[in-house]
Amino acid sequence: MSKCSGYVPGSTPAAYLPEGTGADAVRHKGKGYPPAPEPLPVPVMDNHTHFDFPAGDFRVALGAALDAAEAAGVKGAIQVGTDLESSRFTAKAVDADRRLLGAVAIHPNDAPQLAAEGTLDTALAEIEALAAHPRIRAIGETGLDYFRTGEDGLERQQYSFRRHMDIAKRLGLALQIHDRDAHADVVRLLKEEGAPGTVVFHCFSGDAELARICNENGWYMSFSGTVTFKNSHGLHQALAEADRNLLLVETDAPFLTPHPHRGRPNASYMVPYTVRFMADRLDLTAAELGESLAANTERAYGSWTDTRSVDATAETAPGGTRGAHPER
């Protein structure tokens with residue numbers, strides 16, 4: 001495990017502290033990054049995160065963020081693209097740090113506008129080209145979002161989802177699904193098109209019924225910090241129903257920070273809070289669940305190690321011109 005400078009359980013990791021402040025001051029205000037958890041006894045991977053999304057104006061260098069995660073027992077992560085800018089970032093980031101694998105896609109909320117402009121197919125062609133990189137292991141996040149997209153955009157959103165599925169199948173990649181208020185249509189389109197060999201419901205938001213459907217089809221369910229929320233009764237039932245061999249864990253950072261730090265920015269070093277909650281609900285130790293999660297994640301995406309050389313000079317400063325996004 002990394003000997004991350006400034007990682008002390010109970011204090012915010014040094015990389016996540018604005019210059020000139022102390023952990024106690026940030027914690028007292030309740031606005032900064034939360035305190036670090038006790039490291040996990042068995043390292044796991046963060047199945048879905050966005051290192052290029054800053055929390056407000058505050059950015060953390062990619063290497064420092066991964067060092068803090070590794071110190072917490074999070075040995076790797078899937079960096080996820082949501083548009084061309086973040087997908088290009090992802091392709092560079094996976095070359096710069098071997099603790100990362102990547103996923104690239106056009107987010108379902110962006111697809112209708114691109115389609116209306118006549119640029120969606122061009123964008124998808126670039127996504128497919130980026131996905132040829134050997135450390136890009138998934139097409140995502142793609143899917144359906146009926147919360148933020150109105151009726152007039154649903155047909156275009158579904159078209160984009162079908163196209164992403166086609167890319168994933170032709171390239172032999174996993175499919176990371178964003179599914180918000182659209183469970184029935186997500187399942188319908190997966191069955192109509194023929195699902196890729198590996199399907200992951202990112203930030204699983206279904207109930208026990210959807211968990212049973214995932215069990216029947218061998219689709220992975222990735223739980224985020226939302227499962228720790230006290231009012232997430234449907235998620236608690238889904239977790240109990242889920243096949244343990246299909247469980248994954250994620251942050252969706254900087255969003256969806258787990259209890260008891262809900263409302264503050266999230267980061268990959270926060271995964272242990274979610275893992276321990278899941279383990280308690282499943283009557284498992286953190287080590288037992290950690291072993292399953294790590295094995296499941298590598299089965300879904302393949303090994304984090306390969307023979308490809310790493311370009312240490314790749315541009316990996318997170319953020320660029322991208323601003324903070326709302327919870328997507």
Item to complete: Please state whether the rings of F53 and H50 are parallel, tilted or perpendicular, taking 30° and 60° as the class boundaries.
Response: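 F53 and H50: parallel rings.
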
Discussion item. For Y269 and Y33, take the angle between the two ring planes, folded into 0 to 90°, and tell me which bin it lands in: parallel under 30, tilted 30 to 60, perpendicular over 60.
Written reply: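 Tilted: the ring planes of Y269 and Y33 meet at 30° to 60°.
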
Quick one: does any side-chain atom of [X] pair with a main-chain N or O of [Y] as donor and acceptor, under 3.5 Å?
{"X": "S232", "Y": "T226", "value": "yes"}
{"X": "S86", "Y": "G81", "value": "no"}
{"X": "E250", "Y": "C203", "value": "yes"}
{"X": "Q79", "Y": "F51", "value": "yes"}
{"X": "R135", "Y": "L100", "value": "yes"}
{"X": "T49", "Y": "T251", "value": "no"}
{"X": "T119", "Y": "T122", "value": "no"}
{"X": "D145", "Y": "H178", "value": "no"}
{"X": "T228", "Y": "H259", "value": "yes"}
{"X": "R180", "Y": "G143", "value": "no"}

Worksheet item: Is the closest basic N to carboxylate O distance between E128 and R170 below 4.0 Å?
Response: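 A salt bridge links E128 with R170.
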
Worksheet item: Does the distance from a Lys or Arg side-chain N to an Asp or Glu carboxylate O, for R188 and D185, drop under 4.0 Å?
Response: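 So R188 pairs with D185 through a salt bridge.
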
Does [X] reach the side chain of [Y], with side-chain heavy atoms less than 4.5 Å apart?
{"X": "V42", "Y": "L293", "answer": "no"}
{"X": "F161", "Y": "L175", "answer": "yes"}
{"X": "V44", "Y": "T297", "answer": "no"}
{"X": "K191", "Y": "N217", "answer": "yes"}
{"X": "V199", "Y": "C214", "answer": "no"}
{"X": "I78", "Y": "M45", "answer": "no"}
{"X": "V186", "Y": "Y146", "answer": "no"}
{"X": "S160", "Y": "L120", "answer": "yes"}

Taking atom [atom1] of [X] as the centre, report whether more than 12 heavy atoms of other residues, nucleotides or ligands fall under 6.0 Å from it.
{"X": "E126", "atom1": "CD", "answer": "yes"}
{"X": "E192", "atom1": "CD", "answer": "yes"}
{"X": "E151", "atom1": "CD", "answer": "no"}
{"X": "N231", "atom1": "CG", "answer": "yes"}

Practice prompt. Identify the residue among V187, L210, L144 that makes a side-chain contact (heavy atoms from CB on, under 4.5 Å) with D179.
Written response: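 The passing option is L210.
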
Discussion item. If we check side-chain contact (heavy atoms from CB on, under 4.5 Å) with M270, which of these qualifies: V74, V275, T257?
Written reply: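 Going through V74, V275, T257 one by one, the side-chain contact (heavy atoms from CB on, under 4.5 Å) with M270 is satisfied by T257 alone.
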
Item to complete: Supply the atom-to-atom distance I167 CD1 to I139 CD1, rounded to the nearest 0.5 angstrom.
Response: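 The CD1 atom of I139 is 5.5 Å from CD1 of I167, to the nearest 0.5 Å.
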
Practice prompt. State the CD1-CD distance between I106 and Q157, to the nearest 0.5 angstrom.
Written response: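 Between I106 CD1 and Q157 CD, I get 12.5 Å after rounding to 0.5 Å.
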
Heavy-atom pair with the smallest gap, counting every atom of [X] and [Y]:
{"X": "G73", "Y": "L40", "result": "O-CD1, 3.8 Å"}
{"X": "A123", "Y": "L84", "result": "O-CD2, 3.6 Å"}
{"X": "R276", "Y": "P39", "result": "NH2-O, 2.9 Å"}
{"X": "Y301", "Y": "A138", "result": "CE2-CB, 3.9 Å"}
{"X": "V60", "Y": "A15", "result": "CG2-O, 3.6 Å"}

Exercise: do [X] and [Y] side chains pair donor with acceptor under 3.5 Å:
{"X": "N47", "Y": "S222", "value": "yes"}
{"X": "N215", "Y": "R212", "value": "no"}
{"X": "Y7", "Y": "D67", "value": "no"}

Fill in: Member of F223, F277, F204 meeting the ring-ring contact (aromatic ring centres under 6.0 Å, His included) criterion with H236
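Exactly one pass, corresponding to F277.
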
